[in-house]
Amino acid sequence: MQMEVRVILKAAGFMCLVVVGLPANLCVLLLFCQLRLLHGRLPPSNFILSNLAAANLVVLLCRSLPQTLFALGSRRFMNDWGCKVVIFAYRMGRAMSISVTALLGCYQSVSVAPATLHWTIIKRWLPTRLTYVIVFLFALNFMIHTGSILFTEAPPVNGSIPEYTLNLEFCIVVYPGAEVYVSHGTANTVRDVFFVALMVLAAVYILLILYRHQQQVKGLRGASKASAGASQAVLLLVCTYVALFGLENVLWGYTLSVSRVQPAISDARVFFASCYSALSPVLIIASNRRLAGNLLCFKCEKKANEDTSVPGQSNNSHVSS
């Protein structure tokens, strides 16, 4: 009975993430593509958000979707190489998600900083180097997660799980021993804590700037409302990630302290790790006025096209006889 409840909750939870997250991230990406085509380029903050949506999409496709399929009864739908690709892609997506969110917080803190000499230099330098920063983050995370390719495999047919294994049920990550198991987990944790610390510092700085200057600083004059709104949106994303990160890492710390991890613990940890990927596009659309406006215009155009295509209706129907 306990097993059935866990499977039902797992299926329902991950299905909700897939149903909400996939369309929302695709919608964000398509809307940013539309803005790119219409205006020739994206503002730096929107460029960062588009990369965040892409990373979130990878997380949902490579973790939440397989978890949903497994909970619904699919078994052994990937071989060893399939597992290697999916787990590596998931970890890269998750790593890029946290890295890009930290970059977004840092960029916004630079944007609202006072127009002093040093900040002005950074304000001019950073927007033109965002592509290089993201490439650097990708290369850094790639080096950290090469172990995912080496240690990941499909679950054994006999169902026996060795020690020091992360059991994801649809795939397993088998570490050679306790040292590799703990060192790999510690490296991931240190990387995550570093980027979360950047997020928190950026968020605190943004709050201090907005509180102290109250829309009177030169760097905010003329665009104070837009900057304040963008800052609040970034703070919302950062606070959401930090809260979910805390829940995930409490469970992650527990997994590093035992040699065999219960599937329910892994399910809960992965669920909290994937929540941000499903929630952040909703927050992006809700807090980005231009994006929400484009989405509303798209819906209006679609409805208008559907109305004009209805048989028996004519544009001259309003003319009296």
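FYI, the numbering just counts along the sequence from 1. Please read these numbers as outputs of a predicted model, since none were measured by experiment.
- Using a 4.5 Å heavy-atom threshold, the side chains of I284 and L52 count as touching.
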Could you walk me through whether F271 and Q67 pass side-chain contact (heavy atoms from CB on, under 4.5 Å), step by step? CA-CA 9 Å; F271 179 80; Q67 291 280 13; over 6 Å; no

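- Taking each heavy atom of L237 and L49 in turn, the nearest pair found is CD1-CD2, 4.0 Å.
- The structure places OG of S64 at 8.0 Å from OH of Y90, a figure rounded to the nearest 0.5 Å.
- Side-chain heavy atoms closer than 4.5 Å link hydrophobic residues (I, L, V, M, F, W, Y) into clusters, and following such links, possibly through other members, connects W125 to L104.
- Note that CD of E153 and CD1 of I172 are 4.5 Å apart. Values are rounded to the nearest 0.5 Å.
- Heavy-atom minimum distance, A53 versus V28: CB-CG1, 3.8 Å.
- Here the side chains of Y107 and P127 are in contact, with some heavy-atom distance below 4.5 Å.
- Under the 4.5 Å side-chain criterion, counting only non-hydrogen atoms from C-beta, M78 is in contact with C171.
- Donor-acceptor pairing under 3.5 Å is recorded for the side chains of Y276 and T101.
- One hydrophobic cluster, built from ILVMFWY side chains closer than 4.5 Å, holds both L103 and V193.
- Looking at every heavy atom in both residues, I206 comes nearest to S109 through CG1-CA, 3.7 Å.
- The two residues G93 and A55 make their nearest non-hydrogen contact at O-CB, 3.6 Å.
- Summarising the geometry of D80 relative to A154, their closest heavy-atom pair is OD1-N, 2.7 Å, with the distance given to 0.1 Å.
- For F142 and F88, the gap between ring centers is short of 6.0 Å.
- Tested against N25 for a side-chain contact (heavy atoms from CB on, under 4.5 Å), the candidates V59, V58, L57, V20 yield a single pass: L57.
- Once rounded to the nearest 0.5 Å, the distance linking CZ of F194 with CD1 of I98 reads 10.5 Å.
- Interatomic distance, CZ of R124 versus CH2 of W119, reported as 15.0 Å (0.5 Å rounding).
- Taking hydrophobic clusters as Ile, Leu, Val, Met, Phe, Trp and Tyr residues chained together by side-chain heavy-atom distances below 4.5 Å, L208 shares a cluster with I122.
- Between the K84 side chain and the N79 main chain, no donor and acceptor come within less than 3.5 Å of each other.
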Passes side-chain contact (heavy atoms from CB on, under 4.5 Å), S50 versus N46? Steps please. CA-CA 6 Å; S50 64; N46 286 354; over 6 Å; no

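- When side chains are defined from C-beta on, F32 does not count as touching L29, because their heavy atoms never get closer than 4.5 Å.
- F151 contributes atom CZ, which lies 8.0 Å from atom OG1 of T146 (distance to the nearest 0.5 angstrom).
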When you look at S274 and R63, which way does the side-chain contact (heavy atoms from CB on, under 4.5 Å) test go after all the steps? CA-CA 8 Å; S274 302; R63 180 54 68 88; 4.0 Å; yes

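- Under a 3.5 Å cut-off, the side chain of S183 and the backbone N or O of V180 do form a donor-acceptor pair.
- Closest approach of R91 and V173 over heavy atoms only: NH2-CG2, 4.0 Å.
- Rounded to the nearest 0.5 angstrom, K123 NZ and T116 OG1 are separated by 8.0 Å.
- Note on ring orientation: taking the six-membered ring where Trp is involved, the planes of Y175 and H184 are tilted (angle from 30° to 60°).
- Looking at heavy atoms from C-beta onward, C275 lies in side-chain contact with L17 at the 4.5 angstrom threshold.
- A side-chain N or O of H145 and one of R191 form a donor-acceptor pair less than 3.5 Å apart.
- Hydrophobic clustering, with ILVMFWY side chains joined whenever heavy atoms are under 4.5 angstrom apart, keeps L30 apart from V282.
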Pair I134, F47 - check side-chain contact (heavy atoms from CB on, under 4.5 Å), show working. CA-CA 10 Å; I134 290 176; F47 174 72; 3.6 Å; yes

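- Cluster membership for L283 and Y241, using ILVMFWY side-chain heavy atoms within less than 4.5 angstrom, is shared.
- Between I87 and C62, the closest side-chain pair of non-hydrogen atoms is not below 4.5 Å.
- Side-chain contact check for V18 versus L60: every heavy-atom pair is 4.5 Å or farther apart.
- Annotation: side chain of M199 is not in contact with side chain of F245 (no heavy-atom distance under 4.5 Å).
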